[in-house]
Protein chains: 2
Amino acid sequence: MALTHAILVTLGDESYSGYDLWKKFSQTSRYYWQASQQQIYRELGKLEKEGAIASEVVPQEGRPDKKLYRITDQGVEKLKTWLLEPAEPMAVREELLVKLIAANLVPKSVILQQIQSRLQIHSKQLLVYKTKEQEKFSDLAQLSYKQKCHYLTLRCGIRYESSWIAWCEEAIAMLS
Amino acid sequence: MALTHAILVTLGDESYSGYDLWKKFSQTSRYYWQASQQQIYRELGKLEKEGAIASEVVPQEGRPDKKLYRITDQGVEKLKTWLLEPAEPMAVREELLVKLIAANLVPKSVILQQIQSRLQIHSKQLLVYKTKEQEKFSDLAQLSYKQKCHYLTLRCGIRYESSWIAWCEEAIAMLS
DNA sequence: AGCTACATGTAACGAGTTACATGATTAT
DNA sequence: ATAATCATGTAACTCGTTACATGTAGCT
């Protein structure tokens, strides 16, 4: 599985502490991988044991010390091997859709409110992504290969949120 | 979590054996919930223990006996309670996007091929959903509330696959 | 003779969630 | 005062995957 690899990929660009990784995974990397703080710390422990990453304690003033992790050569090899394996589509497990199938058990307003709530969540997230698109990827012709790849992950997030928004609107129109 | 509820919802409409549920979850219910055979059997065991479902052994000729499960009144109550709880959006964990972030470590052809492969997967799945849409939901004006809800889950699947196809095409165009 | 479909399960392991535990600094 | 941010972890539990185990019927 791939939290391991998501961490390795992130450490491939620069060093992070567990806490920094967690923030990155909750904010920036939201559109491709989600992970909790505890999961990240556990995975970092495993990766260090097997030698794919190495850590260095960085003392800080007025703050707790932090353990900065960096990827090792062995870690890079591991990544390369993994990159060649085919990537499976994510398993779909969408609670809201399961609820729709049983919607006749509760008042219509319950379901409509759930859909409305989702519409808000996705609208908010889309705005975050679109802002980032404008700020960081305004000039597409100037992008390097690496930046293009990064941009495409953001585009996937934008399409995902847009698709949900369109569905929510269709659903509200159909059920109202 | 919600495999429990996905099973209860499915048994709400008619009785199924574990094997039937597995087929349903691999084919029909693919666009809202995925589950393996083993997971379903385990969950059925738990649900029966707690009294949310009940089973009856049905002898068959030329085939192994099967255990038909049905939902109990207690199970229906459990479902209703759950329907009122807010539904969280699914956690995004998309391997292909993680690979894109590290794409510079391998030849471009590797990534392009992975995207092409995804394009095929989603195109195929979209065709399945669209066929079902035409076969079962051709006359929207005639649909009952329950059927509309069911139709909307299919619409979500169609939008999901279409969104992926559009992204794959964008990605191929940008990286080629 | 070998493959697919039907049918149900156990066991081990890996991944993800929730709760608990600690402690300093900074902002309201 | 108290909440939020920074910082790292352990423990218990649930959920999801993979491997193992068994046996019949029908098709090629």
Side-chain angles (χ1 to χ4, degrees), chain A residues 1-8 15-27 29-30 32-50 53 55-69 82 85 87-95 98, chain B residues 1-8 15-27 29-30 32-50 53 55-69 82 85 87-95 98:
Chain A
M1 272 304 294
L3 171 56
T4 312
H5 301 106
I7 289 175
L8 282 179
S15 295
Y16 286 92
S17 69
Y19 191 77
D20 292 337
L21 276 171
W22 168 63
K23 277 193 300 176
K24 178 121 178 132
F25 277 92
S26 339
Q27 291 153 29
S29 310
R30 251 188 83 83
Y32 58 84
W33 206 270
Q34 265 162 261
S36 68
Q37 217 180 349
Q38 289 70 19
Q39 232 188 317
I40 291 166
Y41 281 119
R42 181 171 56 185
E43 219 57 44
L44 283 171
K46 276 191 204 168
L47 280 168
E48 190 169 23
K49 242 183 211 162
E50 74 179 66
I53 59 174
S55 68
E56 179 199 0
V57 176
V58 179
Q60 297 187 117
E61 280 169 33
R63 285 180 186 182
D65 294 355
K66 65 164 142 184
K67 254 169 125 173
L68 256 192
Y69 290 94
W82 172 73
E85 293 165 14
E88 297 295 319
M90 162 175 70
V92 174
R93 292 194 180 95
E94 197 56 68
E95 246 183 305
V98 181
Chain B
M1 273 302 292
L3 170 57
T4 311
H5 300 107
I7 290 175
L8 282 179
S15 294
Y16 287 91
S17 70
Y19 191 78
D20 292 337
L21 276 171
W22 169 63
K23 278 192 301 176
K24 178 120 180 137
F25 276 92
S26 341
Q27 292 153 28
S29 310
R30 250 187 84 84
Y32 57 85
W33 207 270
Q34 263 162 263
S36 67
Q37 219 181 348
Q38 289 68 20
Q39 232 188 318
I40 290 165
Y41 280 117
R42 182 171 55 181
E43 219 56 44
L44 284 171
K46 276 191 204 168
L47 280 168
E48 190 169 24
K49 242 184 209 163
E50 73 181 64
I53 59 174
S55 70
E56 180 198 0
V57 177
V58 178
Q60 296 186 115
E61 280 170 35
R63 286 181 185 180
D65 295 353
K66 67 163 139 183
K67 254 169 125 174
L68 257 191
Y69 290 94
W82 172 73
E85 292 165 14
E88 297 296 319
M90 164 175 67
V92 174
R93 292 198 180 91
E94 197 55 71
E95 246 183 304
V98 181

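Letters go in sequence order (proteins before strands), and every chain restarts at 1.
When the C1' atoms of four end pairs are superposed on the next four at each end of the helix from C:dA1-D:dT28 to C:dT28-D:dA1, using five pairs per end, the two resulting axes differ in direction by 30°, to 10°.
Judged as a side chain to side chain donor-acceptor pair (under 3.5 Å), and not counting sequence neighbours, B:Glu88 has no contacts. In terms of the side chain to side chain donor-acceptor pair (under 3.5 Å) criterion, residue partners of A:Tyr32 (sequence neighbours excluded) are, by chain and number, A:Ser29. With sequence neighbours excluded, no residue satisfies side chain to side chain donor-acceptor pair (under 3.5 Å) with B:Gln38. With sequence neighbours excluded, no residue forms a side chain to side chain donor-acceptor pair (under 3.5 Å) with A:Gln34. B:Glu50 meets the salt bridge (Lys or Arg N to Asp or Glu O under 4.0 Å) test with B:Lys78; sequence neighbours excluded.
Taking a 4.0 Å limit (strictly below) on heavy-atom distances, residues 17-26 of chain B reaches DNA chain C at B:Ser17, B:Gly18, B:Tyr19, B:Lys23.
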Letter per nucleotide, 5' to 3', of nucleotides 11-22 of chain C [B base touched, S only sugar-phosphate touched, - untouched; heavy atoms, 4.0 Å]: ----SBBBB---
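Nucleotide D:dT5 holds its P atom 16 Å from the NZ atom of A:Lys66, rounded to whole Å. Note: CD1 (B:Ile40) to C1' (D:dG16) measures 12 Å, nearest angstrom. When rounded to the nearest whole Å, the span between CD of A:Gln37 and P of D:dT10 equals 13 Å. C:dT8 atom P lies 9 Å from atom CG of B:Leu44, rounded to whole Å. If you take CG of A:Leu47 and C1' of D:dG9, they are 16 Å apart, rounded to a whole angstrom. As a whole-Å value, the separation of B:Ile7 CD1 from D:dT14 P is 16 Å.
Between B:Tyr69 and B:Lys67 the shortest side-chain heavy-atom distance falls below 4.5 Å. With a 4.5 Å cut-off on side-chain heavy atoms, B:Val58 and B:Asp65 do not count as touching. Residues A:Glu95 and B:Trp82 are in side-chain contact: their nearest non-hydrogen atoms beyond the backbone lie under 4.5 Å apart.
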Given the rule in the side-chain contact (heavy atoms from CB on, under 4.5 Å) test, do B:Lys46 and B:Lys49 qualify, once you have shown the distances and angles that lead to the verdict? CA-CA 5 Å; B:Lys46 276 191 204 168; B:Lys49 242 184 209 163; 5.7 Å; no
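The phosphate of D:dT8 has OP1 or OP2 within less than 4.0 Å of a side-chain N or O from A:Tyr41.
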Restricting both atoms to N or O, compile the protein contacts to nucleotides 23-27 of chain D shorter than 3.5 Å, with distance only.
residue, atom, partner, partner atom, Å
D:dA25, O4', B:Gly62, O, 3.4

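Of all heavy-atom pairs between B:Arg93 and A:Gln39, the closest is NH2-OE1, 4.5 Å. A pairwise comparison of heavy atoms in B:Val98 and A:Ala6 identifies CG1-CA, 3.6 Å as the closest pair.
In this structure, the separation between CG on A:Leu47 and CG on A:Leu3 is 8.5 Å, given to the nearest 0.5 Å.
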Under 3.5 Å, side-chain donor or acceptor atoms of residues 17-25 of chain B against the rest of the protein: list the pairs with distances, not counting sequence neighbours.
residue, atom, partner, partner atom, Å
B:Ser17, OG, B:Tyr19, N, 3.4
B:Ser17, OG, B:Asp20, N, 3.1
B:Ser17, OG, B:Asp20, OD2, 3.1
B:Asp20, OD2, B:Lys66, NZ, 3.3

